[in-house]
Amino acid sequence: MSALIEAENLYRFYHAGDDETLALRGVSLTLQPGDLVAVTGPSGSGKSTLLACLAGLDEPDGGTVTLNGERLSRRPEADRADIRSRKLGMLYQHTNLVGHLSVDANVVLAQQIGQRRTNAAWRHELLGRCGIAARAGARPSQLSGGELARAGLAVALANDPLVLLADEPTGELDDSTAARILALLRERADTGQAILLVTHNPDVASTADREIRLRDGRIEPRPEVTA
Ligand SMILES: Nc1ncnc2c1ncn2[C@@H]1O[C@H](COP(=O)(O)OP(=O)(O)OP(=O)(O)O)[C@@H](O)[C@H]1O
């Protein structure tokens, strides 16, 4: 079985004048089909940078990202966009919705852009499962923060992607809605997807198969288990 996400020794530096920020310093991780993994860490530890590099939206200064056997890093943007449209769904912290389209039309658009040929039945199921069917005709500006997060998740899952990267998918949600969304993510993982979610919430992280903790751009070693 081949890994769905492989990141090897990722480095990302930002320069502003004389200042250099080491956002990622040698991060490696692997997700197999069925893995639901949480990325946690304090503000500024590199979580969003990691997600952007894994999605090919940002180019790491060192290291490689491979999605389902296809190298994403150090390729022209058109190639990365093609790989994304075949393999990846992404939920951003700041919404991934087009402002002048309804929620339903946003999901339709994502289905048209993607290359995995999902149908209208899938879209309707998804809107229901994400708890946003009742607001499917609304535009993003008419939605609450929690509704935006759920609509964004429907867009991210529109193509039933092999890999889902989600930045704070439950951040704006009440406990019962968050539990429902986590159950949906678990179910998608059980069908063989790999899901990486960023969260500040320890309860959400504890529902994942494992937790990757970032600090200052590095993965914190797991505590030694003593017998
Ligand atoms: N475009 C940029 N230019 C300069 N520095 C940046 C840029 N983007 C991020 N950084 C810096 O890189 C580091 C990692 O940022 P990142 O957004 O990945 O952290 P994070 O863990 O996602 O934080 P948060 O939990 O607050 O969202 C921070 O020190 C941040 O200030």
Side-chain angles (χ1 to χ4, degrees), residues 5-31 35-67 72-77 80-81 84 88-97 140 144-153 155-156 161 163-175 178 181-182 185 194-223:
I5 307 180
E6 268 184 298
E8 257 188 67
N9 217 12
L10 294 183
Y11 282 82
R12 183 71 175 102
F13 311 129
Y14 292 112
H15 297 275
D18 288 341
D19 290 340
E20 186 179 60
T21 304
L22 305 174
L24 295 177
R25 322 182 192 206
V27 170
S28 299
L29 54 87
T30 303
L31 265 71
D35 280 348
L36 174 57
V37 172
V39 177
T40 62
S43 181
S45 58
K47 303 180 297 294
S48 301
T49 304
L50 175 63
L51 240 56
C53 287
L54 293 178
L57 296 171
D58 193 8
E59 183 73 66
D61 295 297
T64 50
V65 173
T66 308
L67 291 186
L72 191 62
S73 2
R74 292 188 301 286
R75 288 199 157 190
E77 169 52 26
R80 287 188 262 154
R84 272 199 296 276
L88 188 80
M90 189 153 180
L91 173 67
Y92 309 101
Q93 219 169 0
H94 304 289
T95 159
N96 51 349
L97 301 168
S144 71
E147 288 170 342
L148 276 175
R150 283 176 279 153
L153 185 61
V155 167
V163 172
L164 176 71
L165 305 175
D167 207 347
E168 292 282 3
T170 59
E172 300 265 358
L173 306 181
D174 61 75
D175 288 353
I181 293 301
L182 287 172
L185 296 182
I195 299 178
L196 191 74
L197 60 88
V198 166
T199 182
H200 281 108
N201 183 332
D203 293 337
V204 172
S206 69
T207 66
D209 299 319
R210 60 180 200 275
E211 180 178 345
I212 292 174
R213 288 188 202 178
L214 286 183
R215 181 172 292 275
D216 295 333
R218 290 196 183 94
I219 295 181
E220 279 191 343
R222 285 188 232 181

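As the structure lists them, so they are numbered: ligands from 1, and atoms in each ligand from 1. Model, not experiment: these values are computed from the prediction.
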Quiz item: Going by heavy atoms in the side chains, are Leu153 and Leu185 under 4.5 Å from each other?
Solution: yes

Quiz item: Against heavy atoms of Thr21, which atoms of ligand 1 measure under 4.0 Å?
Solution: 11 (C), 12 (O), 13 (C), 29 (O)

Quiz item: Hey, does Leu50 come in under 3.5 Å of ligand 1, counting only N/O atoms on both sides?
Solution: no

Quiz item: Looking only at heavy atoms of Ser45, does any of them come nearer than 4.0 Å to an atom of ligand 1?
Solution: yes

Quiz item: Does the protein put a heavy atom under 4.0 Å from atom 30 (C) of ligand 1?
Solution: no

Quiz item: Between Leu54 and Val65, which heavy-atom pair has the shortest distance, and what is it?
Solution: O-CG1, 3.7 Å

Practice problem: Indicate yes or no: does an N/O atom of Ala23 lie under 3.5 Å from an N/O atom of ligand 1? | Solution: no

Self-check item: Nearest heavy atoms of Ser28 and Asn9, plus distance in Å
Solution: OG-N, 2.8 Å

Practice problem: Identify, by atom number and element, the atoms of ligand 1 in contact range of Pro42, meaning under 4.0 Å from any of its heavy atoms. | Solution: 21 (O)

Practice problem: Please report the closest heavy-atom contact between Gly56 and Arg80, naming both atoms and the distance. | Solution: O-NH1, 2.7 Å

Quiz item: Can you name the nearest heavy-atom pair linking Ala149 to Leu173, along with the distance?
Solution: CB-CD2, 4.4 Å

Quiz item: Between the main-chain N or O of Arg213 and the side-chain N or O of Lys47, is there a donor-acceptor pair closer than 3.5 Å?
Solution: no

Quiz item: Mind checking whether Gly46 has a heavy atom under 4.0 Å from ligand 1?
Solution: yes

Quiz prompt | Numbered atoms of ligand 1 (with element) below 4.0 Å of His200, judged on heavy atoms | solution = 25 (O)

Practice problem: Any chance you could lay out the side-chain contact (heavy atoms from CB on, under 4.5 Å) test for Ile212 and Val27, step after step, and finish with the verdict? | Solution: CA-CA 10 Å; Ile212 292 174; Val27 170; over 6 Å; no

Quiz item: Among all protein non-hydrogen atoms, which one is nearest to atom 26 (O) of ligand 1, and what is the separation to 0.1 Å?
Solution: Ser43 OG, 2.6 Å

Practice problem: Around atom 6 (C) of ligand 1, find the nearest protein heavy atom and jot down its residue, atom name and distance. | Solution: Tyr14 CD1, 3.2 Å

Practice problem: Considering the heavy atoms of Lys47, write down every atom of ligand 1 situated less than 4.0 Å from one of them. | Solution: 18 (O), 19 (O), 20 (P), 21 (O), 22 (O), 23 (O), 24 (P), 25 (O)

Quiz item: Looking only at protein heavy atoms, which one is nearest to atom 23 (O) of ligand 1, and how far off is it?
Solution: Gly44 N, 2.8 Å

Quiz item: Under 4.0 Å from atom 21 (O) of ligand 1, do we find at least one protein heavy atom?
Solution: yes

Quiz item: At a 4.0 Å threshold, what atoms of ligand 1 neighbour a non-hydrogen atom of Thr49?
Solution: 14 (C), 15 (O), 16 (P), 18 (O)

Self-check item: atom 17 (O) of ligand 1 - nearest protein heavy atom and its distance
Solution: Ser48 CB, 3.7 Å

Quiz item: Between Cys53 and Leu24, what is the shortest heavy-atom contact and its length?
Solution: SG-CD1, 4.1 Å

Quiz prompt | Working for salt bridge (charged side-chain N to carboxylate O under 4.0 Å, His left out), residues Asp35 and Arg210 | solution = CA-CA 8 Å; Asp35 280 348; Arg210 60 180 200 275; 3.5 Å; yes

Exercise. Rounded to the nearest 0.5 Å, what's the gap from CD on Glu77 to CD on Glu59? Could you check?
Key: 9.5 Å

